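Below: the structure, in structure tokens.
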Protein chains: 2
Amino acid sequence: MSNRKKRMTKQRKTILRVLKHTKIHPTADWIYEAVKKEIPNISLGTVYRNLNVLAEMGKISVLDFGSTYSRYDGNPANHYHFICEKCGKIYDIDHPLFDIIEKEINETSEFQVNNHRLEFYGLCPDCQTKN
Amino acid sequence: MSNRKKRMTKQRKTILRVLKHTKIHPTADWIYEAVKKEIPNISLGTVYRNLNVLAEMGKISVLDFGSTYSRYDGNPANHYHFICEKCGKIYDIDHPLFDIIEKEINETSEFQVNNHRLEFYGLCPDCQTKN
DNA sequence: CTATTTGCAAACGCTTTGCCTGATT
DNA sequence: AATCAGGCAAAGCGTTTGCAAATAG
């Protein structure tokens with residue numbers, strides 16, 4: 001799948017160009033509507049397929065977990081998560097980075113930060129040793 | 001909705017207890033299966049409803065992105081995002097925190113961090129002034 | 001040529017909701 | 001008694017997929 005030859009069809013090119021020329025981090029549907037102005041009979045399925053292909057090729061990136069499951073956490077206090085890329089387990093990370101990070105952004109940008117969310121990806125201790 | 005009186009039913013209590021006693025950040029379905037061992041005729045809808053109520057009450061937290069839509073980004077390079085809580089716009093934040101943050105966690109925990117994801121929430125410049 | 005891609009529509013899978021009965025205060 | 005919660009099943013909704021026709025290389 002990932003190592004097959006990719007064609008640069010009119011649809012794929014247009015989707016990529018539209019996405020490269022906006023800063024609003026659009027949804028698939030927004031892209032669909034935008035591309036439809038050039039290719040009126042394009043289908044939403046094609047947009048989704050191409051967005052996935054383009055992400056696979058590393059030309060764009062996807063924000064969000066799509067339609068995966070929500071996870072629930074019995075601890076309502078602010079803390080970070082570590083997600084193991086091998087076994088999929090989610091761990092809590094207690095580290096006092098909160099204040100530092102928000103202070104830093106508040107001081108170096110015009111944004112007013114009220115909250116943030118930070119997730120780490122990598123290998124958990126178990127998966128580092130096993131194999 | 002949020003300010004109505006909440007009853008602590010057997011179902012709600014059990015769901016909360018099960019969630020408080022695990023560290024695996026389970027999915028709704030996992031919770032459903034676990035609670036079913038105590039309340040065999042509980043329904044999945046009840047689990048979802050109660051998870052939402054418990055989150056509203058601040059007793060648990062939900063790990064997802066609030067929105068069900070995926071967002072696409074024409075910039076595949078690593079960067080952070082700022083999401084305005086008022087107008088919903090998503091902005092890029094370019095700040096050289098990447099190396100510092102990963103180094104910090106790599107040095108103070110047994111996790112091997114390969115990547116991370118950081119999002120800020122608050123008010124964008126426009127929404128700070130426009131009352 | 002022929003493997004990839006498209007358009008269409010149906011299927012998917014997680015989550016929410018409507019309705020009515022049952023439980024709680 | 002009045003209100004809130006539960007069970008069940010169907011609907012919602014963004015996303016994926018199967019298939020025949022179209023097309024890039």
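Small disclaimer: the values here were computed from a predicted structure and weren't measured. Naming convention: chains lettered A, B, ... in sequence-line order (proteins, then strands); numbering from 1 in each chain.
- Near DNA chain D, meaning a heavy atom under 4.0 Å from it, residues 32-46 of chain B has Asn41(B), Ile42(B), Ser43(B), Thr46(B) in order of number.
- Within the 4.0 Å cut-off from OP1 or OP2 of dT24(C), not a single side-chain nitrogen or oxygen of Thr9(B) is found.
- Between the NZ atom of Lys5(A) and the P atom of dT2(C) there is a distance of 13 Å, given to the nearest Å.
- With no hydrogens or angles considered, a side-chain donor-acceptor pair links Asn114(A) and Gln112(A) at under 3.5 Å.
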Expected rows: protein N/O vs nucleotides 21-23 of chain D N/O, under 3.5 Å:
{"from": "dT23(D)", "atom 1": "O2", "to": "Arg7(A)", "atom 2": "NH1", "distance (Å)": "3.2"}

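- Residues satisfying the side-chain contact (heavy atoms from CB on, under 4.5 Å) test with Lys13(A), not counting sequence neighbours, are Met8(A).
- The side-chain contact (heavy atoms from CB on, under 4.5 Å) search around Glu104(B) returns His95(A), Leu97(A), Thr108(B), not counting sequence neighbours.
- For Lys103(B), the side-chain contact (heavy atoms from CB on, under 4.5 Å) partners two or more places apart in sequence, or in a different chain, are Glu107(B).
- Every residue two or more places apart in sequence or in another chain that forms a side-chain contact (heavy atoms from CB on, under 4.5 Å) with Thr14(A) is listed here: Lys10(A), Arg17(A), Val18(A), Val35(A), Glu38(A), Ile39(A).
- Ser109(B) is linked by a side chain to side chain donor-acceptor pair (under 3.5 Å) to nothing, counting only residues two or more places apart in sequence or in another chain.
- Under the ring-ring contact (aromatic ring centres under 6.0 Å, His included) criterion, Phe82(A) pairs with Phe111(B), sequence neighbours left out.
- Listed by chain and residue number, His81(A) satisfy the ring-ring contact (aromatic ring centres under 6.0 Å, His included) test with His25(B) (two or more places apart in sequence, or in another chain).
- Listed candidates were dG6(D), dT16(D), dT15(D). Nearest to the side chain of Asn52(A) is dT16(D).
- Residues forming a ring-ring contact (aromatic ring centres under 6.0 Å, His included) with Tyr72(A) (at least two apart in sequence, or on another chain): none.
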Give me the distances for all protein-to-nucleotides 18-20 of chain D N/O pairs that come in under 3.5 Å?
{"from": "dG18(D)", "atom 1": "O6", "to": "Arg49(A)", "atom 2": "NH1", "distance (Å)": "3.2"}

**Request:** Taking Watson-Crick and G-U wobble pairs with both distances under 3.5 Å, convert DNA chain D into its dot-bracket string, 5' to 3', dots for unpaired and | for cross-strand pairs.
**Result:** |||||||||||||||||||||||||
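- Contact check, Gln11(B) against dG7(D): a side-chain N or O comes under 4.0 Å of OP1 or OP2.
- With ring centers used as reference points, Tyr91(A) lies 6.0 Å or more from His79(A).
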